[in-house]
Amino acid sequence: MAYDRSSIEKKWQERWERDGLYRTNEDAEKEKVYVLDMFPYPSGEGLHVGHPKGYIATDVFSRKKRMQGFSVLHPMGWDAFGLPAENFALKNKTHPRQAVEQNIARFKAQLAHLGFDYDWTREINTTDPAYYKWTQWIFLKLFEQGLAYQSDEPINWCPSCMTGLANEDLDGNVCERCGTPVIKKRLPQWVLKITEYADRMLDDLNALNWPEHIKEAQRNWIGRSEGAEIPFVVGDGSVTVFTTRPDTIFGATYLVLAPEHPLLRQGPTGQALLERIANTREVEAYIKAAEAKTEIERGAEGKKKTGVKLEGVTATNPATKEEIPIYVADYVLGSYGTGAIMAVPAHDERDFEFARAMDLPIRQVIAQRYTQTTQPGVYRPGEPILEKNGVIAIIRHWKEKKYLGLKWKDVTWGTFLTGGVEEGMTPEETVLKEIREETGYLHARIAGKLGVVDGLFYHVPKQKNQLVHAHIFSVELADDAREDVVPEEGAKHELLWLTPDKLAKFLTPETHQHSLRLLQNGPAPYTGTGSLVNSGEYTGRNSDEAKWEMTGAVGGKKVVRYKLRDWVFSRQRYWGEPIPIIHCEKDGAVAVPYEDLPVQLPDVDQYEPTGTGESPLAAIHDWVNTSCPKCGGPATRETNTMPQWAGSSWYYLRFMDPHNDHELVSAKNEKHWAPVDVYVGGDHAVRHLIYARFWHKFLYDIAVVSTSEPFARLEFLGFILAEDGRKMSKRLGNVINPDDVVAQYGADAFRAYEMFMGPFENTTAWSMASIAGTARFLERLWAGQELVVDAPVAALDPLVHQTIKKIGEDIETFKFNTAVSQAMIFLNAVEKEGKIGHEQWSAFLRLLAPFAPHITEELWERLGEPYSIHLASWPAYDPAHLVSDTAEVVVQVAGRKRGSIRLPNEAGEADALAEALKLPAVAAALAGKTPSRVVYVPGRIVNLVA
RNA sequence: GCCGUGGUGGCGGAAUUGGUAUACGCGUACGACUCAGAAUCGUAUCCCGCAAGGGUUGAGAGUUCGAAUCUCUCCCACGGCACCA
């Protein structure tokens with residue numbers, strides 16, 4: 001009997017539908033599992049073979065859980081508001097509502113061919129007024145709690161989509177949808193206070209069972225940093241800066257304000273800074289130029305620093321009490337921190353570049369520490385450390401470009417001249433003294449101090465760890481005049497004049513390599529922590545430890561800042577949920593009363609964006625004009641709509657109770673289903689997942705939901721590329737339609753192949769040749785029914801149990817590729833045996849049912865089992881049957897495989913050794929020697945070491 | 001640049017409390033069936049070598065009886081962020 005897949009698939013799809021086989025209910029008797037796909041945006045393109053991959057995975061998972069007796073929620077719906085749907089409608093001259101309906105019908109038809117176990121009675125659609133009533137309801141709750149507010153701060157505006165966008169809608173500096181560079185535009189906006197939840201969203205990430213890269217992306221996006229706000233006195237007022245490195249304050253040699261800084265235009269206590277300076281026009285011109293630049297233009301200039309000094313005003317460094325200049329520069333962002341920074345060029349790369357460009361002083365206040373890790377002198381942790389000051393003197397030859405190196409005799413070290421600074425002496429004095437004593441040169445002069453570096457190493461002659469704060473000097477010799485040195489000094493080392501190239505190879509300690517680099521390249525910014533230098537009373541302390549103490553001493557305070565911005569929530573477009581607010585001249589922004597929800601999106605002919613910053617809804621006068629719910633006077637409706645992400649920020653809750661018209665979700669159903677146990681999707685690492693977490697936490701706070709996180713586990717979906725390795729797209733003409741694949745190979749082969757392609761999270765290219773292999777497997781499965789006999793086949797027993805274990809565990813952990821592989825291994829063994837017992841075949845069919853639901857249902861019926869296999873119980877395995885009584889044990893000699901022996905599982909080491917020695921290859925490898933050691937791992941290996 | 005993830009045959013990939021590296025599938029070659037082809041089935045398939053044997057998991061070192069797996073250094077690919085002080 002041939003395998004007629006298309007009629008089998010059609011037959012069972014119709015029967016399942018007719019019987020409502022996958023209807024879900026809140027069965028309190030059973031343990032629940034909620035398995036969810038990121039619901040699709042029904043685009044006009046229809047599905048390509050990449051889309052169903054995640055749906056197949058959740059389908060396999062949910063089918064297995066159903067067979068295990070769980071109450072399963074596995075729903076599907078449509079995320080249909082937003083720009084793509086509207087743009088599609090504009091292009092095709094249809095109404096978005098109509099376009100969405102068509103697209104959904106097309107998607108559903110395509111999905112129907114794949115045999116999914118969705119409960120379609122729970123289907124939802126974000127554009128359905130019965131649905132978006134609750135999206136509006138959540139907005140009103142946010143408004144009530146002060147978490148939705150109006151603002152007219154400049155926002156990102158896409159000139160092509162003609163709407164404002166949130167930071168999350170940008171791809172770098174361009175609109176994520178259309179690739180147009182965004183501009184800044186001042187518009188009245190609704191903004192959601194997502195920053196209020198930044199800390200909780202960050203902290204709660206740790207407990208989530210999500211892929212690390214997604215958690216990391218969220219951490220990056222939230223961008224929490226701990227720092228200090230420190231006031232700097234400027235004339236009769238002050239400027240507060242934000243810094244994460246208050247420990248470097250002694251090195252702050254100038255101040256920088258962002259061009260947008262408010263103090264430039266209005267002073268806190270008096271005059272605006274702009275009016276107090278001598279070069280007002282110059283500064284104003286710079287500010288104007290900076291504001292006119294798009295972010296793209298700034299990026300195109302690279303990171304080149306520009307800026308202009310405020311002439312006639314200075315700030316006081318609160319640590320050093322020095323007067324320092326103030327600059328306006330666009331490398332400081334107005335939107336982060338306080339819009340003002342203290343610049344520490346020695347310890348910040350940007351400040352360093354700016355200081356170089358403006359020729360500003362660079363003052364080192366932190367010494368970098370080098371811990372010696374190469375011999376000799378490797379630092380020995382745990383042993384006491386002797387801390388002292390020292391000097392490194394780089395002495396230049398009087399004529400040639402060579403420097404003095406010391407080759408030590410009792411240790412294999414090469415160094416510059418060094419010395420310890422003794423009590424009562426300065427480093428400078430020490431340098432001159434050491435030169436006389438160690439080298440005898442008479443006419444040395446200190447040319448400059450290059451910096452300070454810390455070296456932590458083991459001093460071999462002194463047998464002690466040393467932490468040396470080394471002051472680095474460059475020294476010049478006027479001539480070769482020289483006196484004799486005391487013999488014991490001269491005996492310690494040999495003096496060599498070396499070129500810089502030779503020195504780079506010659507110098508042993510890292511601190512001396514560092515000194516050489518300083519000499520050759522000049523200072524480089526060091527952004528790490530270390531010992532403080534040039535920092536008054538804090539000199540010598542560890543910068544990390546002194547950080548907050550120093551903050552307090554200069555009148556600063558510890559603060560936390562985020563990169564995350566509040567969520568710009570208004571869109572000047574038609575196809576979105578109306579924001580349920582009424583503007584009244586007397587009462588301001590007033591909430592639409594709950595009983596008046598939903599505020600329906602009016603049906604109109606003209607829905608093109610206006611481009612003026614006004615929503616197309618503004619033109620619909622009889623919709624806009626209304627009365628104030630508070631005072632009854634004339635009022636107008638808010639005409640902006642919500643962003644695409646609104647409806648998807650809570651849809652997973654609606655699936656729990658999709659037809660409830662008096663609550664978003666009933667407490668009973670929420671308790672039953674929450675949280676989503678497994679959430680599957682790709683891409684939306686930041687936007688959707690961060691918005692949904694935000695709304696969920698808010699709903700938790702107002703007691704609508706009972707869990708603090710919406711998605712307990714997240715499985716990341718790797719995409720499917722076209723056969724040519726590129727992304728599938730209409731433009732490239734490489735799209736593969738699942739309908740065609742199903743017609744050729746059947747839904748079961750399609751499903752099994754997508755699961756077999758590779759690890760679920762991997763991006764892999766489609767292969768028509770490979771799917772043929774999976775189709776062959778199903779053909780052989782079909783033929784396998786001829787091999788069924790009544791009695792179990794003993795030889796297959798361990799494999800049956802291994803396969804039950806393996807496939808079950810692999811489905812749980814989303815390792816579908818190895819589950820399918822195990823099924824292939826099993827079928828290979830069955831064919832080799834030429835027969836399989838009825839019970840064994842029954843178990844095998846059930847294991848495959850989640851992957852290939854149609855063919856297994858048919859074979860199940862032919863086996864004489866009662867409908868439906870998908871309600872049958874998941875097979876159990878017996879650990880006692882996992883292994884056979886004997887096992888293949890590999891014999892190694894000195895770690896090399898020399899053969900293998902078959903041993904009973906309970907064989908002891910003596911037996912194993914005796915058997916192993918019988919192998920000729922083993923005897924040959926031992927060459928007559930008796931093994932001095934035997935490593936025996938029962939069931940695995942016996943290793944003889946001679 | 002910073003952070004994250006990974007690197008195994010011609011290809012997708014398997015193997016992790018350290019214990020036979022390359023399972024399973026694709027591709028390829030040869031053979032069978034056939035007038036012939038398609039389909040199907042069988043055999044082979046990491047590299048060097050006639051063989052015995054030796055080598056191999058991005059490179060190099062280390063720990064171990066034994067390393068794809070653990071440690072260190074480096075290289076490369078992918079993803080996120082990026083003038084965020």
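Closest to the side chain of A:Thr764, out of B:U20, B:G12, B:C65, is B:G12. Nearest to the side chain of A:Val332, among B:G19, B:C24, B:A85, sits B:A85. Taking the side chain of A:Ser770 as heavy atoms from C-beta on, and the options B:C26, B:C24, B:G80, the nearest nucleotide is B:C26. Checking B:G80, B:U20, B:G12 against the side-chain heavy atoms of A:Phe756 singles out B:G12 as nearest. Checked against B:G25, B:A15, B:C81, the side chain of A:Met824 finds its nearest nucleotide in B:G25.
Within 4.0 Å (heavy atoms only), A:Asn828 reaches sugar-phosphate atoms of the nucleic acid but no base atom. Counting non-hydrogen atoms under 4.0 angstrom, A:Arg776 reaches the backbone sugars and phosphates but no base. Counting non-hydrogen atoms under 4.0 angstrom, A:Arg561 reaches nothing in the nucleic acid. Within 4.0 Å of A:Gly337, counting heavy atoms only, lies no atom of the nucleic acid at all. Contact annotation for A:Gln892: base contact, defined as any heavy-atom pair under 4.0 Å involving a base atom. Using a 4.0 Å heavy-atom criterion, one finds that A:Ile341 contacts the bases of the nucleic acid, with or without backbone contacts as well. Heavy atoms of A:Lys305 sit under 4.0 angstrom from at least one base atom. Across all strands, A:Val890 comes closer than 4.0 Å to base atoms (heavy-atom distances). A:Arg940 comes within contact range of the sugar-phosphate backbone alone, with a heavy-atom separation under 4.0 Å but no base atom that close. Within the nucleic acid shown, A:Ser225 comes within 4.0 Å of sugar-phosphate atoms alone, with no base atom in reach, counting heavy atoms only. Within 4.0 Å of A:Thr244, counting heavy atoms only, lie sugar-phosphate atoms of the nucleic acid but no base atom. Among the heavy atoms of the strands lying under 4.0 Å from A:Arg898 are primed sugar atoms or P, OP1, OP2 only; no base atom is included. The residue A:Pro759 sits close only to the backbone: its heavy atoms come under 4.0 Å of sugar-phosphate atoms, none of a base.
We find that CD of A:Gln802 is positioned 14 Å from P of B:C24, with the value rounded to whole Å. A:Arg219 has its CZ atom 10 Å from the P atom of B:G4, to the nearest Å. Rounding to whole angstrom units, CZ of residue A:Arg780 and C1' of B:G25 are separated by 10 Å. Atom C1' of nucleotide B:C41 and atom CD of A:Glu779 are separated by 14 Å, given to the nearest angstrom. Between A:Leu333 atom CG and B:A82 atom P there is a gap of 11 Å when expressed in whole angstrom units. Straight-line distance from the CG atom of A:Asp348 to the P atom of B:C2: 15 Å, rounded to whole Å. Regarding A:Ile214, its CD1 atom lies at a distance of 14 Å from the C1' atom of B:C78, rounded to whole Å. One can place CG of A:Asn817 at 14 Å from P of B:G12, the figure rounded to the nearest angstrom.
The neighbour count for A:Lys835 NZ, taken as heavy atoms of other residues, nucleotides or ligands under 6.0 Å away, does not exceed 12.
Remark: of the listed residues A:Val256, A:Asn317, A:Thr248, A:Thr248 is the sole one forming a side chain to side chain contact (heavy atoms under 4.5 Å, CB included) with A:Met342. Among A:Trp766, A:Tyr745, A:Phe816, the single residue meeting the ring pair (Phe, Tyr, Trp, His ring centres under 6.0 Å) criterion with A:Tyr753 is A:Trp766.
Of the P atoms belonging to B:U16 and B:A68, the separation is 13 Å, rounded to the nearest Å. Remark: the separation of the C1' atoms in B:G9 and B:U63 is 29 Å, to the nearest Å.
We find that A:Arg219 and A:Glu212 are joined by a salt bridge, their nearest charged nitrogen and carboxylate oxygen being less than 4.0 Å apart. A salt bridge is absent between A:Arg776 and A:Glu779: the closest approach of a Lys/Arg side-chain nitrogen to an acidic carboxylate oxygen does not fall below 4.0 angstrom. Remark: A:Glu353 does not engage A:Arg356 in a salt bridge, criterion side-chain N to carboxylate O under 4.0 Å.
Base orientation of B:G9: syn (glycosidic angle within 90° of 0).
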(message) Wobble G-U and Watson-Crick pairs count when both distances are under 3.5 Å; given that, what is the 5' to 3' dot-bracket string of RNA chain B, with | for pairing to other strands?
(response) (((((((..(((......[....)))((((((.......))))))(((....)))..(((((..]....))))))))))))....
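Judged by atom type and distance alone, A:Asn220 does not reach the base of B:C81 through any side-chain donor-acceptor pair under 3.5 Å.
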